[in-house]
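Working notes, structure below.
The sequence lines fix the lettering, A, B, ..., with proteins before strands; numbering per chain opens at 1.
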2 protein chains.
Amino acid sequence: MKHATIKRRFEEHLAQEGQRLTNQRTQVFECIFATHDHFSAETLFGWLRDTGDSGQVVSRATVYRTLDLLERGGFIESFNTGMGEKVYEHVMGHHHHDHMVCEECGQIQEFHDERIEALQLENAAKHGFEVRGHVLRLSGLCRKCRRQATVQD
Amino acid sequence: MKHATIKRRFEEHLAQEGQRLTNQRTQVFECIFATHDHFSAETLFGWLRDTGDSGQVVSRATVYRTLDLLERGGFIESFNTGMGEKVYEHVMGHHHHDHMVCEECGQIQEFHDERIEALQLENAAKHGFEVRGHVLRLSGLCRKCRRQATVQD
DNA sequence: GTAGGTGCAAAGCGTTTGCAACAGA
DNA sequence: TCTGTTGCAAACGCTTTGCACCTAC
């Protein structure tokens, strides 16, 4: 999906909800969709501060408020790394995926398996449960850290 | 597994680590293994305060410290509900399982599917990732809340 | 003009920690 | 005795909120 398309959707979304397109929201939006990384609220705040091309800094509060706004609007998704950190990623033009988090270096690897998704729904149905979302996070060692661990032993 | 057996293991575990069997630890242990529910640190603290059969109350700090101790010892497991709450459950004599959390009433339903576990490992192997743990949490509506939602609509 | 948005600083929440008193071993 | 453990209260990290000022519409 093209950047311009996503941006238009964002603007439409705001308009639909009777919300305003402010400078700050634009900055946050641009910053998020300029990366393909996972990021925390604090990280994003740092990016916005550092890439101060406009000189204006978006406050922490607004960063949180805008992240919330974008998540509710379905532009980004969040999940807990399990290490007390909530990380976000943009979701437009992405397929749904799950995560493997390296306990050593924090690296996040994405993966996706349609068969797992199907089995989740199967299990949910068995319990009369209606699935609205899910989190599947494997934690352990990434390839790189495994190699290093082997060398050290 | 019998309660007495688990307790003996706990005592052995403490001994092995050169740690002491204190009154407080016993109380926390008993309280946890007297239930089959999932609980948060705060909930557990409440239980300990309310079941004040001994009159003595275990402090919040000690509750947290003991939970940590038990988790590291493999007696309990924790996971995030995704609603900013970390919940624990005891794990002795239990099989591993995953969770469905109702967004409406907070009810937690357990489930287990060996096929999903296998697929997780398969995907990890594909990325050279060594799995040490995983979290699979479905969120949505439980059977009860679905029914209520239907009625209200 | 006006409802909605912002920044600030303070509060909130769940959790952790420093320290002096305490208690198993 | 002597080291590990406890309770307290303060600190913590991340997030949310109240409020006065600001700004897109």
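With hydrogens and angles ignored, the 3.5 Å screen pairs no side-chain donor or acceptor of A:Thr62 with any backbone N or O of A:Val58. Remark: the backbone N or O of A:Arg115 is paired with a side-chain donor or acceptor of A:Asp113 at under 3.5 angstrom. At least one donor-acceptor pair under 3.5 Å links the side chain of A:Asn123 to the backbone N or O of A:Leu119. Between the side chain of A:Arg25 and the backbone N or O of A:Arg20, at least one donor-acceptor pair lies under 3.5 Å. With hydrogens and angles disregarded, a donor-acceptor distance shorter than 3.5 Å links the side chain of B:His90 to the backbone of B:Thr35.
The distance from atom CD of A:Gln27 to atom C1' of C:dT6 is 13 Å, rounded to the nearest whole Å. Taking atom CG on B:Leu48 and atom P on D:dG7, their separation rounds to 10 Å, with Å as the unit. Per the geometry, CZ belonging to A:Phe45 stands 15 Å off P belonging to D:dT16, to the nearest Å. We find that CG of B:Asp68 is positioned 11 Å from C1' of C:dT15, with the value rounded to whole Å. For the pair A:Arg49 CZ and C:dG7 C1', the computed distance is 15 Å after rounding to whole Å. Rounded to whole Å, the distance from CG on A:Leu67 to P on D:dT15 is 9 Å. For the pair A:Leu69 CG and D:dT16 P, the interatomic distance rounds to 13 Å; values are reported in whole Å. Atom-to-atom, CG of B:Asn23 to P of D:dT6 comes out at 10 Å; the value is rounded to the nearest Å.
In terms of phosphate contacts, A:Gln19 brings no side-chain nitrogen or oxygen within less than 4.0 Å of OP1 or OP2 of C:dA3. In this structure, B:Tyr64 reaches the C:dT15 phosphate: one of its side-chain N or O atoms is under 4.0 Å from OP1 or OP2. Under 4.0 angstrom from either OP1 or OP2 of D:dT5 there lies no side-chain N or O belonging to B:Thr62.
Between A:Thr66 and A:Phe29, the closest side-chain pair of non-hydrogen atoms is not below 4.5 Å.
Residue contacts for B:Arg65: at a heavy-atom cut-off of 4.0 Å it reaches a base atom on one of the strands shown. Here A:Glu42 lies out of heavy-atom contact (under 4.0 Å) with every strand.
Between B:Arg20 and B:Arg60, the residue whose closest nucleotide on DNA chain D is further toward the 5' end is B:Arg20. Nucleotides of DNA chain C nearest to A:Thr66 and B:Leu21 differ in position, and the one nearer the 5' end is that of A:Thr66. Residue B:Gly18 is the one, among B:Gly18 and B:Val63, whose nearest nucleotide of DNA chain D lies closer to the 5' end (criterion: closest heavy atom).
A:Lys7 and A:Glu30 are joined by a salt bridge, as a carboxylate oxygen and a charged side-chain nitrogen come within less than 4.0 angstrom of each other.
An end-to-end axis angle of 30° holds for the helix from C:dG1-D:dC25 to C:dA25-D:dT1, taken from five base pairs per end and rounded to 10°.
The side chain of B:Ala61 has C:dT17 as its nearest neighbour among C:dT17, D:dT5, C:dT15. Candidate nucleotides C:dT6, D:dT15, D:dT5 were compared by shortest atom distance to the side chain of B:Thr22, and D:dT5 ranks first.
If you look at A:Phe111 and A:His99, their ring centroids are not closer than 6.0 Å.
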